[in-house]
Trainee: 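Got a structure for you, written out below as C-alpha cells; questions coming shortly.
Counting starts at 1 for both ligands and their atoms, following the listed order.
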Amino acid sequence: MTQVAQTLPLNQPSTQTAFTGLKCKECGTEYEAKAIHVCELCFGPLEVAYDYSYLSKVVTRETIQAGPNSIWRYRAFLPVTSENPIDVGTGMTPLLQANRLARRLGIKRLFIKNDAVNMPTLSFKDRVVSVALTRARELGFTTVSCASTGNLANSTAAIASHAGLDCCVFIPSDLEAGKVLGTLIYGPTVMAVHGNYDQVNRLCSEVANSHGWGFVNINLRPYYSEGSKTLGYEVAEQLGWQLPDHIVAPLASGSLFTKIHKGFQEFVKVGLVEDKPVRFSGAQAEGCSPIAQAFREGRDFITPVKPSTIAKSIAIGNPADGVYAVEIARKTNGNIESVNDAEIVDGIKLLAETEGIFTETAGGTTIAVLKKLVEAGKINPDETTVVYITGNGLKTQEAVQGYIGEPLTIEPKLDAFERALERSRTLDRLEWQQVVV
Ligand SMILES: *Cc1c(COP(=O)(O)O)cnc(C)c1O
C-alpha cells in the first residue's frame with residue numbers, strides 16, 4: 001500500500017457538474033470538496049451541495065434515459081467530476097410488482113426494489129462504493145478502505161480491484177462465512193477485528209487520520225452516502241416518473257433511508273416528478289434497534305446499544321444518521337419498527353416462497369417489519385408501497401440453516417421416487433391440517 005497525495009482532481013471537470021462543494025448539515029458552513037466529513041465549527045456531518053437551478057436547466061427525463069443502464073445515468077446528481085466514472089454496471093436493478101406477497105399480506109400495490117441482484121457484489125453497497133471510489137480517484141487516493149458490517153467490504157474490495165486501487169478493509173471478526181469469503185476473493189488486505197462494528201469504526205477513524213487512506217464511509221462519507229440517492233431516483237423512474245405513497249427500508253446507520261428521501265426531493269425540485277407526500281418507514285432488528293427505540297419513545301437523540309442479532313449487516317449500535325432518520329419518519333407520517341430474529345428468518349422465507357427472491361437478514365428484517373406494519377394498520381392497503389431489499393441471501397446462509405427442511409435423498413429407482421413423493425405429500429397434508437385446526 002502506497003502513500004497518497006491529497007491533490008485535487010486529475011480529471012477535467014465535466015460540463016455537467018452541478019456539485020458545488022460540501023456544506024454542514026447543522027450549521028451550514030461551506031467547505032471545499034475534499035476528503036473531510038465533519039464540520040470544524042460544530043462537528044456536524046458534511047453533505048454535498050448542488051446547484052439545483054443549473055440541474056433543472058440541463059437535466060430532463062430524456063437526457064437521463066439516454067444515459068447508461070446504471071447509476072451513472074444520474075451522474076449530474078452525483079458528486080463526481082470525471083467524464084468516466086467507475087461503471088461496473090451498478091444500479092438499475094429490477095422493480096418488481098409483488099402481487100403474491102401483497103395478496104398474502106392483504107395489500108394491493110406492492111413493489112420490491114431488488115438490490116439483492118445489484119452488481120458486482122449483490123447488495124445496495126455497490127452504489128455507494130461506485131461513487132466513493134470514483135471520487136477517491138479524483139482526489140488522488142491510491143489506497144481505499146472501509147469499516148464494514150460485511151457487504152461494504154465485499155463491494156469496496158471488488159470495485160477497488162476493477163479500478164486498480166489498493167484496498168484494506170476492516171470487519172468484525174464474527175461475520176458470516178459468505179461475507180468474509182466474498183471479500184477475500186478479490187485479494188485485499190482484510191483486518192478482522194475482535195469487536196463489534198462500532199469498535200471497528202472507531203479504530204478506522206484513527207487509521208484514517210494517520211495513514212491518509214480514502215475510507216469510503218469515514219473521510220469520503222459525504223460522497224459515499226450520495227450514492228444511495230440512486231435508490232430513490234430509480235424507483236421514481238421505474239414507476240413511470242412518479243413517487244410511491246410509502247417506502248419501507250432497512251436502517252443501519254440510517255444513511256440510505258435519509259438519502260432515498262433526498263433523492264425524491266431533488267427530483268421534485270428540478271421538475272422531474274410531481275410533488276406528493278411519501279411516507280417513510282424504517283426497519284431494524286430488535287437486537288440492535290437504537291433508531292426504533294428513539295422513534296417509539298419520541299426522543300430526538302439516539303441512545304447507543306450493544307448489538308446482538310443475526311442481522312449483522314445492519315447491526316450498528318451508534319448510528320451516525322439515526323436522528324435524521326427519526327426526523328424523516330416522523331415528519332412523513334411513517335414508522336420505525338423492529339422485529340426479533342425468529343421473525344427475520346420468517347421474513348426471509350416469506351419473500352422467497354412468495355416472490356422467488358432470496359434475501360439476506362437485512363431483507364428478512366424489512367419484510368418482517370412490512371408485515372408487522374400491515375397487521376397494525378400502519379400501511380394503507382391502497383397505498384403504492386415500495387420495499388427495499390438491499391442484500392442477497394446466499395451471503396448469510398447460516399441464518400436459515402435448520403429452518404428450511406432438507407432434500408429427500410433416494411436411490412436412483414422409480415419406486416424409490418414414488419414412495420418418497422407419497423411420503424412428502426402426506427407430510428404436507430399433515431402440516432396443512434395443523435395450520436387449519
Ligand atoms: C449497510 C446495509 C444497510 C444499511 O445501510 P445504512 O445506510 O448504514 O443505513 C442495509 N442493508 C444492507 C444489506 C446493508 O449491507
Trainee: Any ion pair linking K371 and E343 (charged N to carboxylate O, less than 4.0 Å)?
Mentor: no

Trainee: Suppose I only count heavy atoms of S255 and a 4.0 Å limit; which atoms of ligand 1 are within that range?
Mentor: 6 (P), 7 (O), 9 (O)

Trainee: Looking only at heavy atoms of S123, does any of them come nearer than 4.0 Å to an atom of ligand 1?
Mentor: no

Trainee: At a 4.0 Å threshold, what atoms of ligand 1 neighbour a non-hydrogen atom of E360?
Mentor: 13 (C)

Trainee: Does NZ in K306 sit with more than 12 non-hydrogen atoms of other residues, nucleotides or ligands closer than 6.0 Å?
Mentor: no

Trainee: Assess whether atom CD of E274 is packed by more than 12 heavy atoms of other residues, nucleotides or ligands within 6.0 Å.
Mentor: no

Trainee: Measure the distance from atom 7 (O) of ligand 1 to every protein heavy atom, then report the residue, atom name and distance (to 0.1 Å) of the closest one.
Mentor: L256 N, 2.9 Å

Trainee: At what distance is the nearest protein heavy atom to atom 11 (N) of ligand 1, and which residue and atom is it?
Mentor: T390 OG1, 2.7 Å

Trainee: What protein heavy atom sits nearest atom 14 (C) of ligand 1, and how far off is it?
Mentor: K125 NZ, 2.9 Å

Trainee: Which is it for S70 and D87 under the side chain to side chain donor-acceptor pair (under 3.5 Å) test, yes or no, and what are the steps along the way?
Mentor: CA-CA 8 Å; S70 73; D87 191 348; 3.0 Å; yes

Trainee: Find all atoms of ligand 1 within a distance of less than 4.0 Å from any non-hydrogen atom belonging to I314, and give their numbers and elements.
Mentor: 3 (C), 10 (C), 11 (N)

Trainee: Taking the six-membered ring of F301, is the NZ or CZ of R299 close enough (under 6.0 Å from the centre) and on axis enough (within 45°)?
Mentor: yes

Trainee: Indicate, with yes or no, if the rings of F77 and F267 have centres closer together than 6.0 Å.
Mentor: yes

Trainee: Identify, for atom 6 (P) of ligand 1, the protein heavy atom at the shortest distance, and state residue, atom and that distance.
Mentor: S253 OG, 3.4 Å

Trainee: L122 and A116: which non-hydrogen atoms are nearest, and at how many Å?
Mentor: CB-O, 3.4 Å

Trainee: How does F257 reach ligand 1, by side chain, by backbone, by both or by neither, if only non-hydrogen atoms under 4.0 Å count?
Mentor: neither

Trainee: Provide, to 0.1 Å, the distance between atom 4 (C) of ligand 1 and the closest protein heavy atom, together with that atom's residue and name.
Mentor: A252 CB, 3.5 Å

